[in-house]
Amino acid sequence: MRLCFLVEEEYRHDGMPREVIAQLGAWGHTVDIVRPGRSLLPLSSALTAGDHDAWVLKTVSGGPGLTLLEAAAHTGLTTVNDVRAIRGVRDKALAAVIARTHGLPVPVTYAAARAEEFARIPEAEFPLVVKPADGSSGRAVRLVRDPGELTATDQAPATGLLIAQPYVPNSGTDLKVYSVAGELFATERRSPLHPGRAVRERCVPLSAEVARITAETGAAFGLDLYGIDVLFGPDGPVVVDINDFPSFRQVPDAVARVSAAVLRLARRGPGALTAAPLPLPVTVPAQPVVR
Ligand SMILES: Nc1ncnc2c1ncn2[C@@H]1O[C@H](COP(=O)(O)OP(=O)(O)O)[C@@H](O)[C@H]1O
Ligand SMILES: [Mg+2]
């Protein structure tokens with residue numbers, strides 16, 4: 001096969017996707033690499049040439065890669081993950097609405113451009129977790145204990161939204177569940193909001209309940225290679241984050257598994273979501289509107 005990987009600067013030296021690219025090459029496939037942050041892209045010709053079986057994206061939120069992947073999909077190229085699925089999770093405000101619409105266990109979520117607006121959230125919902133809607137890797141995620149901590153000096157992103165959610169009381173251990181095209185793995189990692197807690201990163205058994213929630217999340221968004229962050233709160237598992245093409249850290253033989261999955265997904269053809277999004281409930285007016 002001939003694949004094209006879009007690799008943003010942040011991941012240029014990362015095992016994921018560098019080792020996946022090397023593995024695919026070792027298996028005899030051709031992998032071209034585009035660095036969206038460091039390339040001149042001849043848009044009028046390159047994307048219509050059709051000389052790749054699929055384009056694969058490992059981007060950073062807000063990076064230039066997603067636009068290119070969308071452009072490739074627009075010309076009929078197969079993409080891994082599907083571009084609509086990536087759009088849905090890259091913006092945490094949008095992801096919260098999609099997840100809730102599909103009945104997934106996600107926290108109540110508010111959005112605002114300035115952190116001070118969150119002072120209007122009922123006090124009973126504090127403490128809050130405030131994070132940038134386009135964030136990742138725990139960047140700028142913080143615990144806000146009371147409305148007084150929401151000062152005008154809070155750093156809001158220059159563009160885009162912040163989101164706030166009630167803090168889900170938890171032990172300080174995140175369950176990070178990964179799906180490699182339907183094969184699920186659970187791992188434990190320390191929550192960045194509990195820096196003092198000692199947590200050994202490791203693979204752990206996956207309960208049927210969390211497996212079901214993970215599969216439903218993939219189906220709701222149409223994701224194939226993804227991960228979710230789960231916290232165990234007083235009412236059971238809560239999904240606090242959804243990521244396309246995550247690190248797959250601690251997944252056994254992650255490189256070989258992800259590489260094989262990329263090939264399978266590349267073969268399925270354009271626009272064919274293996275995990276078809278569930279239909280959204282449609283509100284139909286009771287009476288036709290007659291003017
Ligand atoms: N509502 C919440 N309640 C408690 N802890 C949270 C909540 N949201 C996030 N966290 C903690 O903060 C971490 C980072 O937040 P997350 O939403 O995963 O953003 P990021 O994209 O930066 O990974 C999570 O892994 C979790 O440990
Ligand atoms: Mg996360």
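Just follow the structure's listing: the first ligand is 1, and inside any ligand the first atom is 1.
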> Roughly how far, to the nearest 0.5 Å, is the CZ atom of R87 from the CG atom of L66?
Replying inline: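 These two atoms lie 4.0 Å from each other.
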>> What's the separation between atom CD1 in I242 and atom OG1 in T217, rounded to the nearest 0.5 Å?
In response: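 Taking CD1 in I242 and OG1 in T217, the distance rounds to 5.5 Å.
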> Hey, what's the angle at the Mg ion (ligand 2) spanning OD2 (D241) and OD2 (D229), nearest 10 degrees?
Replying inline: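 Taking the Mg ion (ligand 2) as the apex, I get 100° for this pair.
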>> Quick check: Y178 with F185 (ring centres under 6.0 Å apart)?
In response: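 Here the rings of Y178 and F185 have centres that are no less than 6.0 Å from each other.
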>> Please confirm whether K176 approaches ligand 1 to less than 4.0 Å, judged on its heavy atoms.
In response: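 In this structure, K176 fails to qualify as a contact of ligand 1 - no heavy atom is under 4.0 Å.
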> Can you find a non-hydrogen atom of P166 under 4.0 Å from ligand 1?
Replying inline: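 Contact check P166 vs ligand 1: positive.
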Shortest reach to [atom] by a heavy atom, considering only [options]:
atom	options	result
atom 7 (C) of ligand 1	V106, V129, V168, I163	V129
atom 15 (O) of ligand 1	N243, V240, V141	V141
atom 19 (O) of ligand 1	Q165, K92, H194	K92

> Going hydrophobic residue to hydrophobic residue with side-chain gaps under 4.5 angstrom, can you get from V141 over to V144?
Replying inline: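 No.
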>> If hydrophobic clusters are built from ILVMFWY residues whose side chains come within less than 4.5 Å, do F126 and Y167 share one?
In response: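 They do not share one cluster, since no chain of ILVMFWY contacts under 4.5 Å joins F126 to Y167.
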> Going by the atom numbers of ligand 1, which of them fall below 4.0 Å from some non-hydrogen atom of S136?
Replying inline: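 That gives atoms 20 (P), 21 (O), 22 (O) of ligand 1.
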> Which atoms of ligand 1 sit under 4.0 Å from any heavy atom of L231?
Replying inline: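 Listed by number with element: 3 (N), 4 (C), 5 (N), 6 (C).
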>> Looking at every heavy atom in both V106 and A96, which two are closest together, and how far apart are they?
In response: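 So the two residues come closest at CG2-O, 4.3 Å.
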